[in-house]
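Here, residue 1 is the first one in the sequence, and each next residue gets the next number. Order of appearance sets the numbers: ligands from 1, and atoms from 1 within every ligand. The structure displayed is predicted, hence computed values, not measured ones.
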Amino acid sequence: MEFKVTPWDVEGLVDYDKLIKEFGTSPLTEELLEKTKELTKSELPFYLKRKFFFSHRDYDLVLKDYEEGKGFFLYTGRGPSGPMHIGHIIPFYATRWFQEKFGVNLYVQITDDEKFLFKPNLTFEDTKKWAYENILDIIAVGFDPDKTFIFQDSEFTKIYEMAIPIAKKVTYSMAKAVFGFTEQSKIGMIFYPAIQAAPTFFEERRSLIPAAIDQDPYWRIQRDFAESLGYYKTAAIHSKFVPPLTGLEGKMSASKPETAIYLTDSPEEIRQKIWKYAVTGGQPTVKEQREKGGNPEKCVVFKWLEIFFEPDDKALLERYTKCKSGELLCGECKRYLIEKVQAFLKEHQRRREEAKETIEKFKYTGKLAKEQWDKAIPEPLRK
Ligand code: TRP
């Protein structure tokens with residue numbers, strides 16, 4: 001089956017090399033990773049080393065700006081349409097690494113407006129409720145409260161004023177070509193891309209957006225008009241998708257509980273879901289597994305370990321070899337993954353509880369939050 005990647009839908013087995021060509025982005029090269037290591041004076045996190053982030057736009061220029069002292073800022077976001085799962089949170093952990101190592105500001109856009117407009121079955125009350133829940137998960141990742149501003153579109157209405165000059169730059173035919181709008185699309189959906197582009201103008205230097213590659217169409221449009229408004233084209237660094245428990249195709253879906261582990265799942269739910277639904281590359285019987293060995297390439301359990309839950313390169317390779325040789329059985333790998341996910345979520349959930357006390361800071365009273373609430377609309381956008 002051919003694969004498909006849009007901001008709303010990911011289907012099939014994604015060929016990431018092909019996607020780079022289709023989207024016109026650039027591969028994240030060893031050279032850029034080396035440079036990152038050099039500038040941050042740090043070991044790279046394994047999700048960069050193992051190419052979970054695999055593609056970019058202008059990341060080379062971001063590093064250059066940093067080196068020359070101009071700096072840059074980070075921007076990412078979340079559409080609050082339901083509970084967050086493992087696939088949603090990994091890019092945020094990567095974003096935290098960038099914030100920590102480069103010491104830069106981060107803006108997180110929570111699009112309660114977008115999800116209300118795009119999801120027929122959600123009320124505005126629903127998306128606002130999910131905004132609160134999702135923000136707790138985002139804070140739990142451990143961002144610096146003085147360098148992070150988390151804002152909700154329906155509250156931080158300055159975003160609307162910033163979107164207006166943008167909306168004057170984008171024609172319907174452009175938006176239609178990129179997003180596939182039709183005669184039936186609601187007019188709010190057609191305006192929305194201007195809202196998602198606006199945060200790239202929060203500072204007068206380059207923004208770097210770490211996010212899954214399905215969001216790239218928004219950045220493509222931003223890069224078309226940014227310079228005509230006196231701003232930088234945004235840079236981006238793109239991640240792959242975390243496969244659903246139920247197979248390597250598509251991405252985890254918040255609306256199909258068996259495909260995903262939610263960040264609020266209990267240890268018992270984690271155990272049951274992985275045990276019952278996780279698809280492995282194992283043989284039908286133990287005897288065959290011992291003789292022929294398994295297929296780690298086809299195994300979701302192995303993929304999850306590779307992407308996020310086994311930081312130790314040596315241990316990962318050993319698991320690969322032992323699976324191939326038939327020494328390991330699928331049950332053992334599942335048990336190992338269950339423990340890893342339980343331990344990770346136990347800590348995440350503890351920090352999520354604490355976030356209830358610090359949410360004010362991130363949204364309103366922290367240094368960066370206050371700065372943005374008090375700031376006038378940037379000069380270039382007022383002309
Ligand atoms: N459209 C995104 C979603 O549906 C939310 C979003 C807004 C976002 N701004 C972003 C995601 C910037 C990544 C980066 O989840």
Side-chain angles (χ1 to χ4, degrees), residues 5-10 23 25 53 55-57 59 72-96 98-99 105-120 122 126-128 130-131 133-135 137-138 141 143 148-156 159-160 162-163 166 175 178-181 188-203 206-223 226 233-242 251-255 260 263:
V5 176
T6 71
W8 305 286
D9 207 12
V10 177
F23 278 23
T25 64
F53 281 81
S55 154
H56 76 99
R57 290 185 190 271
Y59 181 56
F72 67 93
F73 68 98
L74 292 161
Y75 159 44
T76 192
R78 157 77 189 158
S81 54
M84 285 176 86
H85 56 57
I86 297 284
H88 296 133
I89 208 69
I90 296 177
F92 281 95
Y93 276 90
T95 303
R96 182 192 131 173
F98 281 102
Q99 177 176 65
N105 289 339
L106 163 67
Y107 301 92
V108 184
Q109 181 177 41
I110 306 296
T111 57
D112 52 356
D113 51 349
E114 174 197 14
K115 292 298 148 174
F116 170 60
L117 287 165
F118 281 80
K119 299 269 178 180
L122 287 180
D126 290 334
T127 63
K128 287 176 185 175
W130 286 119
E133 296 294 326
N134 293 175
I135 289 170
D137 281 309
I138 291 166
V141 170
F143 296 108
T148 306
F149 176 38
I150 303 179
F151 63 98
Q152 203 171 317
D153 287 341
S154 70
E155 292 179 356
F156 190 64
I159 200 76
Y160 173 71
M162 291 182 68
I166 296 172
V178 175
F179 296 105
F181 292 131
M189 294 166 63
I190 294 153
F191 183 81
Y192 173 74
I195 300 266
Q196 183 155 332
T200 63
F201 297 165
F202 278 9
E203 294 186 10
R206 211 181 300 274
S207 52
L208 172 65
I209 305 172
I213 192 155
D214 63 331
Q215 296 298 308
D216 187 72
Y218 289 103
W219 321 140
R220 215 177 298 155
I221 290 203
Q222 190 273 3
R223 290 167 58 86
K233 292 181 178 182
T234 188
I237 178 161
H238 306 111
S239 82
K240 300 177 182 172
F241 306 105
V242 180
K251 67 172 178 178
M252 252 186 271
S253 164
S255 52
L263 301 177

- Query: Are Lys251 and Asp214 ion-paired here, with the side-chain N under 4.0 Å from a carboxylate O?
  - Reply: yes
- Near ligand 1, at a heavy-atom separation below 4.0 Å: residues by chain and residue number: Tyr75, Thr76, Gly77, Arg78, Gly79, Gln109, Thr111, Glu114, Lys115, Tyr192, Gln196, Ile209, Ala211, Gln215, Trp219
- Message: Less than 3.5 Å apart, any donor N or O on the side chain of Tyr218 or Gln222 sitting next to an acceptor on the other?
- Response: no
- Query: Side-chain donor-acceptor pair under 3.5 Å between Thr95 and Thr76, yes or no?
  - Reply: no
- Task: With sequence neighbours left out, write down each residue that passes side chain to side chain donor-acceptor pair (under 3.5 Å) with Arg57, or none if nothing qualifies.
- Result: Asp216
- Centroid separation Tyr59 to Phe53 less than 6.0 Å: no
- Message: Is it the case that atom NZ in Lys119 sees more than 12 heavy atoms from other parts of the structure closer than 6.0 Å?
- Response: no
